[in-house]
Structure formats: structure tokens, C-alpha cells
Chemist: 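Below: one structure in C-alpha cells.
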2 protein chains.
Amino acid sequence: MTKTAQSEPKSTSAAPRLTRARRTALLKALADPRRFELLERIAKSSCPLGCAQAKSALAISPATLSHHIKELETAGLIRVERVGKFHFLHLQPAVLEALAGLLCSLAQPNGAQG
Amino acid sequence: MTKTAQSEPKSTSAAPRLTRARRTALLKALADPRRFELLERIAKSSCPLGCAQAKSALAISPATLSHHIKELETAGLIRVERVGKFHFLHLQPAVLEALAGLLCSLAQPNGAQG
DNA sequence: TCGACATTTCGAGAACTGTCGAATTGATTA
DNA sequence: TAATCAATTCGACAGTTCTCGAAATGTCGA
């Protein structure tokens, strides 16, 4: 009850509400510097990022890259488009926006509680 | 936390731009569920939160609470007001907003580069 | 000063995570 | 089919972090 005044920062696509577990998973996924850098790469690329580009951008072993990709995918931050033997990485902006909205609401006076 | 070695001004008001190291430190500080819950408590409290309330809210040992408080303080997410034998916890909203802004900009098309 | 309370530090154990080499699976092409 | 390239899984190691009990430090009131 009383979910009044949920006016959060406008998101362009539907931002899902985050459960406690989900928000922790998201933050953990973002908290690794290489993973964040990878996500930045994906976000700033105009076309979906291929694994080869990701690998050369981060200078890590294939095993490690695969691990990080899975972490980001599991957290829901990216989507992996599998076409043939290549995988392409897409950002999922809504999840990022949901988290940003949560942090922003916390920063408001009284944590923007209802 | 490992070496950061990036002496940057810790502003308390205007949202500072986040270096790579700082943003990682912030995300790590937020990525622990108990720490996030503590931060939420602080944010949603109308008056600065005392350690006793924090401790009873989280149901953890004093040692662990002290550890988490230090992490949040080091990350710049809270300020600790030390008055006598009591410590009061204040949110530092600007840092949270800076991080939210960063995430939001990443979510924009092409990662809002430029 | 002493005793009670609040908080921190210390030390250690357990659990988690990032990393990589090696082996494996899967897809494409010759 | 064989060869090759892309990506994943496996197994192991190192470093980090969470957690707490015990001891120490700091503060206040009697």
C-alpha cells in the first residue's frame, strides 16, 4: 500500500523495480573494474560489441572474458546475441536506469520514502 | 580496498566527477547487502542515525558494524559526526547522485559520450 | 579515580572472487 | 572429414572480504 508519488527520474524504457537480491547482484556485477570497463565499451559502441573487440580492449584471457560476460548477462546488464560462432554484446539500459533511479531516490531527503 | 593514490578533493556538496578508482570504490561499498541496508537506514532517517540504532537494525556485532561504517565513510558515502562517545551517521547525497548520474549516462544511447 | 558504556582494533577462520592454462564444445570452411 | 577459429568449462591458485570474539581505546558520570 501507499506507493504514492513514485515520481522517479524519467526513464525512456520501462525500468523494473529492483528487489533486494537483484540490486545486490547488479552492484556486485558493476563493482569489478574490468567488468565496468567492459560495460562502458558496450554502452559507447554504436554497434553491438563482438567478443574479439572486447577481448582486445581489456587485454584479458578468453576464459576471464567469458566469465565476466556471464556475470554481466546473469545480472541482466547485457544481452548476448549468439550468431554462429560469434557472440555480440548488447546493453540493457533499463536495468541500469532502474539502479540509477534507486540511488537517486536514496539521495533525496529522507531517502524518498513514501 | 587497495591502493587508490589519486588524491582528489572530497567535495561535500556539488556532485564531483568520478574517477575510475573512485567509482569502483563506491560500487564496492554499495555492493555489500548489509552496507546497502545500512545506507538505506541512514538515508531514510530524518535525524542522523546513531550506531545503536544501526546495530539493532542490522543485528550484527559491533566489530562488523564498525567495519562497515568505515567502508562507507572511506568511500565518501557517509560522514560520521563524532560527539562524545556517540557517533552519528550522515548521508552524503552528492556522491550518490554522482554515481547515479554516471549510470544514467551510460544507459543513454551511445553511452552519452562526447 | 573507578566503573559502565560506545566504538575500534586485532587476529583468525570461512567464504567469495578474479585470474589463467588446459581441455572441451560448437560453428565454419576447406 | 579434418582443420581452424570462437567461446565455454574445468581446476586450481592467490588475493580479497565478511564475520566475529577478545582485547583495547575512548568517553562520561558517580
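Lettering of chains follows the sequences in order, A, B, ..., and the numbering in each one begins at 1. Atoms considered below: every heavy atom in the structure, side chains included; atoms not considered: hydrogens, waters and symmetry mates.
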Chemist: Nearest whole angstrom, please: distance from the P of D/dA6 to the CD of A/Glu81.
Modeler: 17 Å
Chemist: Round to the nearest Å and state the distance from B/Ile78 atom CD1 to C/dT7 atom C1'.
Modeler: 14 Å
Chemist: Provide, to the nearest angstrom, the distance between the CD atom belonging to A/Glu37 and the C1' atom belonging to C/dG18.
Modeler: 15 Å
Chemist: When the nearest nucleotide of DNA chain C is assigned to A/Gly84 and to B/Leu65 on a heavy-atom basis, which residue is associated with the more 5' position?
Modeler: B/Leu65
Chemist: Would you say A/His68 places a side-chain N or O within less than 4.0 Å of OP1 or OP2 belonging to C/dT19?
Modeler: yes
Chemist: Could you tell me the separation between the CD atom of B/Glu71 and the C1' atom of C/dT7, rounded to a whole number of Å?
Modeler: 16 Å
Chemist: Which nucleotide in the list C/dT7, C/dC10, C/dC20 gets nearest to the side chain of B/Ala63?
Modeler: C/dC10
Chemist: Figure out the NZ/C1' separation between A/Lys55 and C/dG21, and round it to whole Å.
Modeler: 14 Å
Chemist: Look up atom CZ in B/Arg41 and atom CD in B/Gln53, then write down how far apart they are to the nearest 0.5 Å.
Modeler: 9.0 Å
Chemist: Is there a donor-acceptor pair under 3.5 Å between the side chain of B/Ser66 and the backbone N or O of B/Ala63?
Modeler: no
Chemist: Does C/dT17 have OP1 or OP2 sitting under 4.0 Å from an N or O in the side chain of A/Arg35?
Modeler: no
Chemist: B/Ile69 CD1 to D/dC20 P: how many Å, rounded?
Modeler: 14 Å
Chemist: Please state whether the phosphate of C/dC10, meaning OP1 or OP2, lies under 4.0 angstrom from any side-chain nitrogen or oxygen of B/His67.
Modeler: no
Chemist: Separation of A/Lys28 atom NZ from D/dT17 atom C1', in whole Å?
Modeler: 10 Å
Chemist: Can a side chain N or O of B/Thr64 be found less than 4.0 Å away from OP1 or OP2 on D/dC18?
Modeler: no
Chemist: From C-beta outward on A/His87, which listed nucleotide comes closest to its side chain: C/dA6, C/dC20, D/dT8?
Modeler: D/dT8
Chemist: Do the side-chain N or O atoms of B/Ser61 get closer than 4.0 angstrom to the phosphate oxygens (OP1, OP2) of D/dT19?
Modeler: no
Chemist: Figure out the CG/P separation between B/Leu27 and D/dT17, and round it to whole Å.
Modeler: 14 Å
Chemist: Let me confirm one number: the OG1-CD1 distance from B/Thr64 to B/Ile69, rounded to the nearest 0.5 Å.
Modeler: 11.0 Å
Chemist: Under a 4.0 Å N-O cut-off, is there an ion pair linking B/Glu71 with B/Lys28?
Modeler: no
Chemist: Give a yes/no answer on whether the side chain of B/Lys70 brings an N or O atom under 4.0 Å of OP1 or OP2 in C/dT9.
Modeler: yes
Chemist: Below 4.0 angstrom from OP1 or OP2 of C/dG26, is there any side-chain N or O of A/Arg82?
Modeler: no
Chemist: Does the distance from a Lys or Arg side-chain N to an Asp or Glu carboxylate O, for B/Arg23 and A/Glu40, drop under 4.0 Å?
Modeler: yes
Chemist: I want to verify a distance call: between C/dG26, C/dG18, C/dT7, whose nearest atom is closest to the A/Lys85 side chain?
Modeler: C/dG26
